[in-house]
A.B. asks: 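Structure below; questions to follow.
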There are 2 protein chains.
Amino acid sequence: MAQRRITLKDIAASLGVSANTVSRALAGRSDISVATQERVRKEASRLGYVPNSLARSLVSGNSGTIGVVITNPSNPLYSQLIAGAAEAAREAGKTLILIVSAEDAKTENDGIESLLVSSVDAVIAVPVQIDPGPWRRLTGVGVPLVLVNRDIPQLAVDFVGVDHFASMQRMVEHVVAQGAESIWAVEEDLDVPSVASRLEGFYQGLADVGMSRPVGKEIRIPTRRVRSLAQPWQAEEAYAVGLELFKLEEPPDAMVCGNDFFALGLVKALQEYGYRVPEDVLITGVGDHPYSHFMSPAITSIRLPGYELGAEGMRLALSRLRDTQQPKRRKMVETEHIIRGSSVSST
Amino acid sequence: MAQRRITLKDIAASLGVSANTVSRALAGRSDISVATQERVRKEASRLGYVPNSLARSLVSGNSGTIGVVITNPSNPLYSQLIAGAAEAAREAGKTLILIVSAEDAKTENDGIESLLVSSVDAVIAVPVQIDPGPWRRLTGVGVPLVLVNRDIPQLAVDFVGVDHFASMQRMVEHVVAQGAESIWAVEEDLDVPSVASRLEGFYQGLADVGMSRPVGKEIRIPTRRVRSLAQPWQAEEAYAVGLELFKLEEPPDAMVCGNDFFALGLVKALQEYGYRVPEDVLITGVGDHPYSHFMSPAITSIRLPGYELGAEGMRLALSRLRDTQQPKRRKMVETEHIIRGSSVSST
DNA sequence: ATGAAAGCGCTAACAA
DNA sequence: TTGTTAGCGCTTTCAT
């Protein structure tokens with residue numbers, strides 16, 4: 001069963017050469033005769049040799065692994081990010097170590113620690129905490145860090161993200177153009193830059209059209225950290241919050257949500273109170289989740305290119321691995337407003 | 001910037017003891033004086049010591065890493081699997097190395113190879129290929145393998161999955177009870193055990209109620225491997241296939257789909273031809289994706305506990321790590337039929 | 001073109 | 001209780 005793995009030494013012994021010769025033959029170095037290279041290669045594959053990257057890394061000083069820290073794979077944005085990062089890592093021959101923080105600072109810290117212990121060559125992360133301290137554990141020992149989607153300006157590291165501010169601002173303009181006069185923003189209650197930017201964009205959008213806070217209102221939906229890992233909680237929670245809310249007051253004529261799950265839940269809650277979407281209330285989301293196109297009404301949303309975020313984040317990390325000194329880069333990937341039935345006034 | 005990392009030797013030198021003493025002090029071994037332990041610990045944290053797991057693994061023979069091989073993170077089942085596996089790994093203090101095979105055998109093989117090179121202690125995998133060969137690369141050198149959702153009986157390794165056969169059989173019984181007389185199965189065209197089991201269950205369900213193949217028909221929707229990583233393709237593809245299909249022939253009175261995305265796309269295609277769901281056609285899915293409850297009509301589905309699959313798979317792997325000799329286990333997790341509007345006859 | 005020796009950071013075995 | 005030695009598997013000098 002658990003037979004000892006073949007090492008360079010085994011090949012060397014079997015061939016009557018030194019381990020060193022085997023090493024260089026397999027590395028394809030030019031200072032070794034072609035004949036020997038061939039003999040070694042053949043014997044290696046005959047014995048089923050697999051290089052031990054642990055030993056190799058110990059010598060070379062880099063492990064060939066990249067840490068990826070995300071908050072929640074059940075969020076389509078982040079599952080696509082994983083896909084993009086994995087594909088880019090594969091292309092580069094790097095191994096991907098995954099940390100799931102579950103939107104929890106403690107778990108994130110433990111994850112950072114374990115990445116340090118694992119000697120990852122670089123890290124790309126969607127941070128939970130704004131506190132730069134824990135992340136400096138990485139940058140402090142020279143591990144390149146690339147932040148994705150949520151920036152921490154104090155860290156001054158590479159960043160790839162989307163312009164949540166402008167996206168939401170434009171979404172407000174859209175619903176205003178559709179005749180909305182009373183608009184609510186619906187967001188998670190996370191204290192993270194992406195949510196903050198969208199809320200700023202929300203108020204800026206209102207101001208742009210001469211509206212002010214009285215016609216705009218924030219609904220913050222509490223994040224359920226625990227359940228979120230097993231199942232996205234947002235739609236159900238938005239539905240429940242909506243039911244309670246609409247019992248007390250009339251809904252506005254537009255609700256711009258921070259993600260499509262919220263839109264989903266609110267549409268259902270609204271319908272239970274006899275409101276129609278979009279006739280009575282316009283609804284928009286963010287993320288363009290794969291089902292949004294197929295709802296009735298289809299959900300207006302902002303497409304966030306999660307795959308690109310992951311792939312580009314990985315590329316930035318690999319690039320910095322090659323050149324540590326290059327200036328910090330800040331890359332924004334394009335979003336796309338996809339206007340669908342849920343936000344198009346029928347009047 | 002990239003300052004050299006602190007090693008045991010640094011602490012030893014700074015304290016005037018041997019590296020070995022430091023090692024054992026930090027390991028909390030009993031053969032070291034409490035006073036020394038305290039001194040060492042304090043100095044270690046003062047210097048910001050982080051153990052090097054590469055070196056540790058090289059000595060100990062196990063890396064503390066578990067490989068997780070999935071086909072596609074954009075599939076909610078597998079994104080939840082990742083979450084479950086990650087959480088279980090975290091609890092056990094293990095590091096998770098992620099491989100995304102993209103439903104591609106070549107990519108999967110490369111992934112297996114890189115897991116070998118990485119010296120993972122164990123692997124849990126949703127296999128693409130039925131060919132046991134590549135997987136024996138792992139089992140052959142004593143790396144415990146746990147298969148999830150898709151079994152490869154020839155390998156005779158630990159398995160955790162769901163009973164796709166019985167689930168689909170029961171789903172057929174359900175639509176028949178709702179009055180369906182002509183039923184189509186809609187599946188991916190993947191040659192994997194899960195799909196095969198559902199199709200067997202489909203025909204068994206028909207046979208159970210005295211129906212035979214003429215009233216049952218298979219629609220196989222081609223898997224789009226490339227696009228699938230960036231975005232789930234199933235709903236769009238099912239929609240497109242549906243449009244073409246219904247142009248040629250009338251739909252049956254029930255369609256049982258292999259996943260909720262297909263159900264989504266087909267409902268839309270049906271509606272474009274003026275058919276109503278569930279009045280004219282009953283539709284069911286598999287997976288109970290997070291939006292299915294919120295569609296109108298809500299989609300009947302089979303809940304697959306992805307998080308549990310991942311967590312249990314990881315637990316099986318860890319358990320085998322502790323005891324290599326224990327008998328192979330085959331664990332089935334419960335599914336749940338969630339009957340919603342899309343499959344409830346209104347007559 | 002090849003071999004011998006040293007060492008990456010750590011732990012286990014054996015001394016003292 | 002602590003230090004010394006050896007070695008995990010590999011690569012990089014430096015000889016030969």
Side-chain angles (χ1 to χ4, degrees), chain A residues 2-41 43-44 47-65 95 116-121 141-142, chain B residues 2-41 43-44 47-65 95 116-121 141-142:
Chain A
Q3 44 202 311
R4 202 177 52 75
R5 279 172 55 152
I6 304 296
T7 71
L8 286 186
K9 236 193 244 172
D10 297 322
I11 303 175
S14 161
L15 244 40
V17 297
S18 77
N20 173 318
T21 300
V22 176
S23 170
R24 298 169 5 165
L26 290 177
R29 302 261 293 248
S30 55
D31 60 352
I32 209 96
S33 83
V34 183
T36 310
Q37 290 207 22
E38 204 39 55
R39 277 207 315 148
V40 168
R41 237 184 283 276
E43 187 67 3
L47 294 175
Y49 170 71
V50 174
N52 182 332
S53 77
L54 262 40
R56 182 176 288 171
S57 302
L58 193 57
V59 175
S60 71
N62 47 28
S63 63
T65 59
T95 297
L116 277 168
V117 171
S118 299
S119 302
V120 289
D121 293 339
V141 293
Chain B
Q3 45 204 308
R4 203 175 52 73
R5 281 172 54 153
I6 305 296
T7 69
L8 285 187
K9 235 192 243 173
D10 297 322
I11 303 175
S14 161
L15 244 42
V17 298
S18 77
N20 175 309
T21 300
V22 176
S23 169
R24 301 177 352 175
L26 290 177
R29 303 260 292 247
S30 56
D31 59 353
I32 210 95
S33 83
V34 182
T36 310
Q37 291 207 19
E38 204 39 55
R39 278 207 314 149
V40 169
R41 237 183 283 276
E43 188 67 1
L47 294 176
Y49 170 73
V50 174
N52 183 331
S53 77
L54 262 38
R56 183 176 288 171
S57 301
L58 194 57
V59 175
S60 70
N62 47 28
S63 63
T65 59
T95 297
L116 278 168
V117 171
S118 298
S119 303
V120 290
D121 293 341
V141 293

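Quantities reported herein were computed from a predicted structural model and do not represent experimental measurements. These values consider heavy atoms only, across backbone and side chains, with no hydrogens, waters or symmetry-generated copies.
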A.B. asks: Between A:Asn52 (side chain only) and A:Leu54 (backbone N and O only), is there a donor and an acceptor less than 3.5 Å apart?
C.D. replies: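 Yes.
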A.B. asks: Separation of B:Asn62 atom CG from C:dC10 atom P, in whole Å?
C.D. replies: 16 Å
A.B. asks: Please answer whether the main-chain N or O of A:Ser63 pairs with a side-chain N or O of A:Asp121 as donor and acceptor at a distance below 3.5 Å.
C.D. replies: yes
A.B. asks: Within the pair B:Thr21 and D:dT2, is there a side-chain N or O less than 4.0 Å away from OP1 or OP2?
C.D. replies: no
A.B. asks: Please confirm whether the backbone N or O of A:Arg56 pairs with a side-chain atom of A:Ser60, one donor and one acceptor, at under 3.5 Å?
C.D. replies: yes
A.B. asks: Return the set of residues passing salt bridge (charged side-chain N to carboxylate O under 4.0 Å, His left out) with A:Asp10 (not counting sequence neighbours), or none when no residue passes.
C.D. replies: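 Applying salt bridge (charged side-chain N to carboxylate O under 4.0 Å, His left out) to A:Asp10 gives A:Arg4.
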A.B. asks: B:Ser18: which residues meet the side chain to side chain contact (heavy atoms under 4.5 Å, CB included) condition with it, sequence neighbours left out?
C.D. replies: B:Asn20, B:Thr21
A.B. asks: Is a donor on one side and an acceptor on the other found under 3.5 Å between the side chain of B:Ser118 and the backbone of B:Val120?
C.D. replies: no
A.B. asks: Kindly indicate whether the side chain of B:Tyr49, heavy atoms from C-beta on, has any atom under 4.5 Å from the side chain of B:Leu26.
C.D. replies: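 SC-SC contact between B:Tyr49 and B:Leu26 confirmed.
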A.B. asks: Taking B:Thr95's backbone N and O only, do any of them form a donor-acceptor pair with B:Thr65's side chain (distance below 3.5 Å, no angle check)?
C.D. replies: no
A.B. asks: Suppose we screen for salt bridge (charged side-chain N to carboxylate O under 4.0 Å, His left out). Which residues come up paired with A:Arg39, at least two apart in sequence or across chains?
C.D. replies: none
A.B. asks: So which of residues 32-40 of chain B are in contact with DNA chain D, with a heavy-atom cut-off of under 4.0 Å?
C.D. replies: B:Ile32, B:Ser33, B:Thr36
A.B. asks: Whole angstrom is fine here: how far is it from CG in B:Leu26 over to P in C:dA12?
C.D. replies: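 My rounded result for the distance is 13 Å.
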A.B. asks: So what does the secondary structure string of DNA chain D come out as, 5' to 3', with Watson-Crick or wobble pairs under 3.5 angstrom, [ ] for crossing and | for pairs with another strand?
C.D. replies: ||||||||||||||||
A.B. asks: Please confirm whether the backbone N or O of A:Arg29 pairs with a side-chain atom of A:Gln37, one donor and one acceptor, at under 3.5 Å?
C.D. replies: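 It does hold such a pair.
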A.B. asks: Whole angstrom is fine here: how far is it from CG in B:Leu15 over to P in D:dT2?
C.D. replies: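 The answer, rounded to whole Å, is 11 Å.
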A.B. asks: For nucleotides 8-16 of chain D, read 5' to 3', which letter fits each nucleotide if B means a protein heavy atom sits under 4.0 Å from the base, S means only the sugar-phosphate is that close, and - means neither?
C.D. replies: BBBBBB---
